[in-house]
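Below is one structure, written out as structure tokens; comments come after it.
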Amino acid sequence: MSLTGRSVAVFALGGTIATTADPLTGGLSPALSAEQLLRSVSGLDALGVELRVHDFRRLPSASLSLADLDALHAAIREELDSGRVDGVVVVQGTDTIEETAFYLDLLHQGEEPVVFTGAMRDATKAGPDGPANLYAAVIAAAGPWLRGAGCVVVLGDEVHAARTVRKSHTTSPAAFTSPGSGPLGLVAEARVMLHQHLPRRITGPPDTGGTAGPRPVRVALHTVAFGDDGTQLDLLDGQCDGLVLAALGAGHVPEWLVPRLRRLADRIPVVLTSRIDHGPVLTRTYDYPGSERDLLAGGLIAGGDLSPYKARLLLLRLLSTGCHDRTRIAEAFAAIGRRGW
Ligand code: ASP
């Protein structure tokens, strides 16, 4: 299929793909504009895709904020509502891309794909992957293949759903995986080849905050480690509006943490996820003090197979849009947190 005449909005936010090296120290920091990034992509002009370029931020992705993402969502909506573009590319750092893409996926209601990309190797390295990733992302955003897919991440020519994608390596150019499901498809020969049917999408709650928009809330993330004595959980008590627990195995904690977690769950939503990369938390298998059954009976909410990082963003979004009801929060996690939509 020819992409000539299709149109894509490109939002550049920074990251390794946009870095240059300091001439004295050699240290990398984001400096390149969106135009400069696109100029480095050979073959892009030949696609015939019209690009509407936005130099949106120039930051390492660790320093992007929720306010930046809300602003990005508004800017993307403006482009899509105008009917000028067939899809969107967001170019950013890979450190937080699994979270930013998921958060935008909760917000994005349109049919047009929003394709996140970046680079593991900067332009000073042998074999930088940024230009190839950007090229593949533009193809994925311009074509019809991913309509209805919501937000996806395209790196190393693979297309991953925002819901599943993880950064699984600190340096490898093949760092991105979708544990359990694998990638949705592949970009090759200027098209997307899908490996699986597009998953049914469930987006997050709409704003109910009136003109004020989402309310700032604090959701903490606590990872349980061997011998965890509860000191950190005690410090969090009273300091947050919600808590995500990255528990051991399929959702387990030392038995002496249970009274603390029950007390917390009486007051704020506490979501049970696993610190393991693959698989869901269980709900009805183990039954000892500190097991998943014990914790769920004590008021914790099952997070399905959402990673702790994505669960934190879903809880944040629910709370900031005024959803505090435990049953409704549990329903949202049952719908979005469970595989097999
Ligand atoms: N530190 C960089 C960032 O996330 C890493 C990258 O872009 O790959 O901004």
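In each ligand, atom 1 is the first atom listed, and ligand 1 is the first ligand listed.
In this structure, K167 does not pair ionically with E98, as no charged nitrogen and carboxylate oxygen lie closer than 4.0 Å.
There is a path of hydrophobic side-chain contacts, each under 4.5 Å, that joins I336 to I301.
The single protein non-hydrogen atom nearest to atom 5 (C) of ligand 1 is T16 OG1, 3.1 Å, given as residue, atom name and distance. The closest protein non-hydrogen atom to atom 8 (O) of ligand 1 is T94 OG1, 2.4 Å. The protein heavy atom nearest to atom 4 (O) of ligand 1 is S61 OG, 2.6 Å.
When each atom of ligand 1 is checked for a heavy atom of G15 under 4.0 Å away, the hits are 7 (O), 9 (O). Numbered from 1 in the order shown, with element, the atoms of ligand 1 that lie under 4.0 Å from a heavy atom of D95 read 1 (N), 2 (C), 3 (C), 4 (O), 5 (C). Close approach to A119 involves these atoms of ligand 1, each under 4.0 Å from a residue heavy atom: 6 (C), 7 (O), 8 (O).
Below 30°, between 30° and 60°, or above 60°: for F56 and F11 the angle between ring planes is above 60°, a perpendicular geometry.
Open room surrounds CD on E78; 12 or fewer heavy atoms of other groups in view lie less than 6.0 Å from it.
The distance between the ring centers of Y288 and H252 falls below 6.0 angstrom.
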